[in-house]
Enquirer: 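This is the structure I have questions about; it appears just below.
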Amino acid sequence: MGNTHAKGRFSARRAATFLGVLGALVMSSGIALMVAATPANAADCTPAAAFTETINHPAVTHVVHHDAVDAVPSMWWNWSPNKDQGPFDGPPDFPTDSRGTWEGPHTNGGPGQDEVGTFQQGEGNGSWFHRSAAVEGQDAFDETVTDTAAWTETINHPAVTCNAVSTPQVEGTTVVSPPKAHVKAKAKVHAQAVTPTVVHAGLASTIKDMRGEQGLALMVAGMIMLVAAGGLGLRVRGAAARI
């Protein structure tokens, strides 16, 4: 009696192991089939005509602020040499010269109003003058500086064509039914004209990729086998524990 139970448990274990291995193989095959079908299903081809895309890129700029500038009038100085100075060899240095003194600044009138810098008018030791240029006033303002000019980008997109997978076309296939003989009572055979039946097959259709659905079915079947193998293994263990 004990050997019978032992053989039964051994057979059940073998069945559970076989079912588990088979379920794993079936499930892995389903997963592999689904992975193989994913690129074809994910990248469905959509026909499109060639076209040109134009992208306008705006200019890149930044702003520089300029402060206000106060107006400064033109100013001038006149040269006064020292009293004990003999004949003077000019021009004197501006703004200081040990041989005399620059008197000023003066803002109104003065000689050489179109001159800028140190200049001489007339003759004599005191005929030297110096004038600075006037500075025009300016209000504060913001300046926009262009770092990169605006530009247009053109992209040419080629046409997209899709290659449909079709079933082989069979043309001109003819199926002829064999003639039938009619026999009368006196064993005379009369041949009867038979019109052959002709069936033309010419099927062209696009094959749908079913690998994803088939892989899912195999994966589910493999999981069911694994669950059944696990349940069978648990029953064997439970039976062994009760003995």
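All figures in this text were calculated on a predicted structure; none of them were measured in a lab. Positions are given from 1, in the same order as the sequence printed here.
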Enquirer: Hey, is the main chain of S98 close enough, under 3.5 Å, to the side chain of N82 for a donor-acceptor pair?
Expert: yes
Enquirer: Compare every heavy atom of V69 with every heavy atom of E136, then report the nearest pair and how far apart it is.
Expert: O-CG1, 4.2 Å
Enquirer: Between D67 and H65, does a side chain to side chain donor-acceptor pair (under 3.5 Å) hold up when you go through it step by step?
Expert: CA-CA 7 Å; D67 295 330; H65 178 75; 3.3 Å; yes
Enquirer: I need the minimum non-hydrogen distance between E103 and S80, along with the two atoms involved.
Expert: OE2-CB, 3.5 Å
Enquirer: Give me the ring orientation class for W151 and H57: parallel if the planes are under 30° apart, tilted from 30 to 60°, perpendicular past 60°.
Expert: parallel
Enquirer: Membership question, hydrophobic clusters at under 4.5 Å side-chain separation (ILVMFWY): are I31 and L25 in the same one?
Expert: no
Enquirer: What pair of heavy atoms forms the shortest contact from W128 to P91, and how long is it?
Expert: CZ3-CB, 3.3 Å
Enquirer: Could you pull out the closest heavy-atom pair between W79 and D97, with the gap in Å?
Expert: CH2-CB, 3.6 Å
Enquirer: More than 12 foreign heavy atoms under 6.0 Å from CG of D147: is that the case here?
Expert: yes
Enquirer: To the closest 0.5 Å, what do you measure between CD1 (I55) and OG1 (T152)?
Expert: 10.0 Å
Enquirer: Is there a path of hydrophobic side-chain contacts, each under 4.5 Å between heavy atoms of I/L/V/M/F/W/Y residues, joining L218 to F18?
Expert: yes
Enquirer: Just verifying a value: how many Å separate H106 NE2 and M75 CE, rounded to the nearest 0.5 Å?
Expert: 11.5 Å
Enquirer: State, yes or no, whether a side-chain contact exists between Q113 and S74 at a heavy-atom distance under 4.5 Å.
Expert: no
Enquirer: Would you find more than 12 non-hydrogen atoms of other residues, nucleotides or ligands less than 6.0 Å from E53 atom CD?
Expert: yes
Enquirer: Measure across P111 and Q121 and return the closest heavy-atom pair with its distance rounded to 0.1 Å.
Expert: CB-OE1, 3.0 Å
Enquirer: Judged by atom type as modelled, is there a donor-acceptor pair below 3.5 Å linking the side chain of T61 to the main-chain atoms of V145?
Expert: no
Enquirer: Are any side-chain N or O atoms of W76 and backbone N or O atoms of V116, one a donor and one an acceptor, separated by less than 3.5 Å?
Expert: no
Enquirer: Should we say atom CG of D142 is surrounded by more than 12 heavy atoms from elsewhere, each under 6.0 Å from it?
Expert: yes
Enquirer: Measure the acute angle between the ring planes of F94 and W77, then classify it against the limits of 30° and 60° as parallel, tilted or perpendicular.
Expert: perpendicular
Enquirer: Taking all atoms of both residues into account, what is the closest heavy-atom pair of V135 and D70, and its distance?
Expert: CG1-O, 4.3 Å
